[in-house]
Enquirer: 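One structure, pasted below without further comment.
Ligands are counted one by one from 1 in listed order, and the atoms in each one are counted from 1 as well.
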Amino acid sequence: MQLLSALLFTAGLATATPLNIPNYAQAAIDSGLALKGLNALATLSALTRTGGTCTPTKIKYRREWRTLSKADRRKFVAAVKCLQGKPSVLPKDGTVPGAITLWDDLAYAHAWRTFFVHMSATFLVWHRYFLFTYETLLETECGWTQGLPYWEWGLDVNNMRGSPLFDGSDTSIGSDGVFVPGRPDFILDIIGGPDPEPIRVVFPPGTGGGCVESGPFNDTVVRLGPFPLDGTPWTNETVYGNNPRCLDRDLNTNPLQRWSTFRNSTELILGYDNIREFQGFLEGDPRVTTEKPIGIHGGGHWGVGGITRDPIISPYDPAFWFHHNQLDRIYWIWQNLDFNNRKDVFGTGTWGNFPPSPNVTVEDFIDVLPHQPAIKIKDSMNTVSGAPFCYVYV
Ligand SMILES: *[C@@H]1O[C@H](CO)[C@@H](O)[C@H](O)[C@H]1NC(C)=O
Ligand SMILES: *[C@@H]1O[C@H](CO)[C@@H](O)[C@H](O)[C@H]1NC(C)=O
Ligand SMILES: *[C@@H]1O[C@H](CO)[C@@H](O)[C@H](O)[C@H]1NC(C)=O
Ligand SMILES: *[C@@H]1O[C@H](CO)[C@@H](O)[C@H](O)[C@H]1NC(C)=O
Ligand SMILES: [Cu+2]
């Protein structure tokens, strides 16, 4: 890949010609071959746009977890553990009394933006910047110099517990949660669509439910939250206090098989040419689709379960970052297949536009304070501009 990018660079193959997307057979779509092909096309396309400080030797190649060597997987796990052990850098002014470590800071950075960066115009770009923040911290604080690894859900839809990411070995990010039998189905009533009647989605419980049993991160401590929805007032002391508990998981192939298969990701990339629909279907936004709620985004969150399905503090699970990195990859592939027409945002700055807020434009800013300064949304579109991003997916 490094060689390829150097070749493209020196041969001056930069071109704005729209890409020729093959007509993939259903079997290629279902097996993941099509998605691989689309990724390769996107990579070639992106590498024609490198600029600024993002020189070919600086580009980070974000890879699927199981393509890293075992030694590198152990190195990555060690870097995440290192980050979890760094002290919080949030001001000690009582806003987040429970922030002890940098890991708590990252959960907080997500928590206080939750109602502005989901079901809103900034969903994809804000999480892109959040991932970059994490990748940068892993490098500057803990020496991980490679790209951030992602999780291809399509490889695990039939066996989560056997996944190299979740098998509990020392090259995984820890096991399933302890199995808790006798639990009822999960019932989600999604509101905010055109009908007053909610959209109902039902999942059976997964194969865990309790604390992560073995492997790396079975000692991860969740501190902030929970965020009660029964009317109990949220104060900084209660929801952002130090309330130590274990990291829980509930691995579940059901949501992955329904929402996050190779077919689901590939059809999303090929099916829509505008950001309103692309992002709306990706997130299962009920204003965009009543037929396909949840989306590939929800599929991965529910597939891991436990704290990962918490809309506010899901970043506590290292799995969150793998999942969102895959989402950013799907977004990135989609963008790079027709880059000049896929650099805009759609929607407002609040969850489901509640409370109503102005339309967001690419001139608006996103930030991950105090870890990253504000950047203009339009600078988040090209991941190889060096302003600030410099990565591709392989
Ligand atoms: C974590 O898992 C290891 C085995 O991988 C086990 O020895 C240890 O007791 C577990 N710790 C906790 C807190 O569950
Ligand atoms: C939390 O603290 C911040 C700043 O210190 C303050 O603006 C905010 O109102 C507080 N929130 C709650 C719910 O107490
Ligand atoms: C996702 O793909 C599977 C087949 O891989 C299919 O059965 C399911 O209906 C798809 N879900 C959506 C929301 O399109
Ligand atoms: C916001 O965007 C919507 C959808 O494109 C559009 O209908 C509406 O007029 C916009 N509002 C403003 C104030 O520009
Ligand atoms: Cu989020």
Enquirer: Taking atom types as modelled and ignoring hydrogens, do the side chains of Tyr393 and Asp328 form a donor-acceptor contact shorter than 3.5 angstrom?
Expert: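 Short answer, yes.
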
Enquirer: Consider only side-chain N and O atoms of Asn254 and Arg258, and report whether a donor and an acceptor are under 3.5 Å apart.
Expert: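 Asn254 vs Arg258: donor-acceptor pair found between side chains.
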
Enquirer: Considering only heavy atoms from C-beta outward, does the side chain of Asn382 approach that of Lys343 to under 4.5 Å?
Expert: no

Enquirer: Can you find a protein heavy atom closer to atom 3 (C) of ligand 4 than 4.0 Å?
Expert: yes

Enquirer: What does the angle at the Cu ion (ligand 5) come to, between atom NE2 of His118 and atom NE2 of His127, rounded to 10°?
Expert: 100°

Enquirer: Using a 4.0 Å cutoff against the non-hydrogen atoms of Phe346, which atoms of ligand 4 qualify?
Expert: 4 (C), 5 (O)

Enquirer: Is there a donor-acceptor contact under 3.5 Å linking the side chains of Asn159 and Ser163?
Expert: no

Enquirer: Would you say ligand 1 has an N or O under 3.5 Å from any N or O of Asn218?
Expert: yes

Enquirer: Among the N, O or S atoms that His110 has, which is closest to the Cu ion (ligand 5)?
Expert: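 In His110, the heteroatom (N, O or S) nearest the Cu ion (ligand 5) is NE2.
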
Enquirer: Between Gly215 and ligand 1, is there a nitrogen or oxygen pair with a distance under 3.5 Å?
Expert: yes

Enquirer: Output side-chain donor-acceptor pairs under 3.5 Å for residues 193-203, partner residues at least two apart or in another chain, one line each.
Expert:
unit_1: Arg200; atom_1: NE; unit_2: Asp189; atom_2: OD1; d: 2.9
unit_1: Arg200; atom_1: NH2; unit_2: Asp189; atom_2: OD2; d: 2.8

Enquirer: Does a side chain donor of either Asn325 or Arg62 reach within less than 3.5 Å of an acceptor in the other side chain?
Expert: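 Yes.
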
Enquirer: Compare Asn359, Val360, Asn353, Thr361 and give the one whose heavy atom is closest to atom 6 (C) of ligand 4.
Expert: Asn359

Enquirer: Quick check on atom 9 (O) of ligand 1 - does any protein heavy atom sit closer than 4.0 Å to it?
Expert: no

Enquirer: Start with the C-alpha gap between Trp153 and Thr261, add the side-chain angles, then the distance that decides, and say whether side chain to side chain donor-acceptor pair (under 3.5 Å) holds.
Expert: CA-CA 7 Å; Trp153 323 293; Thr261 65; over 6 Å; no

Enquirer: Is atom 14 (O) of ligand 4 near the protein, in the sense that some protein heavy atom lies at less than 4.0 Å from it?
Expert: yes

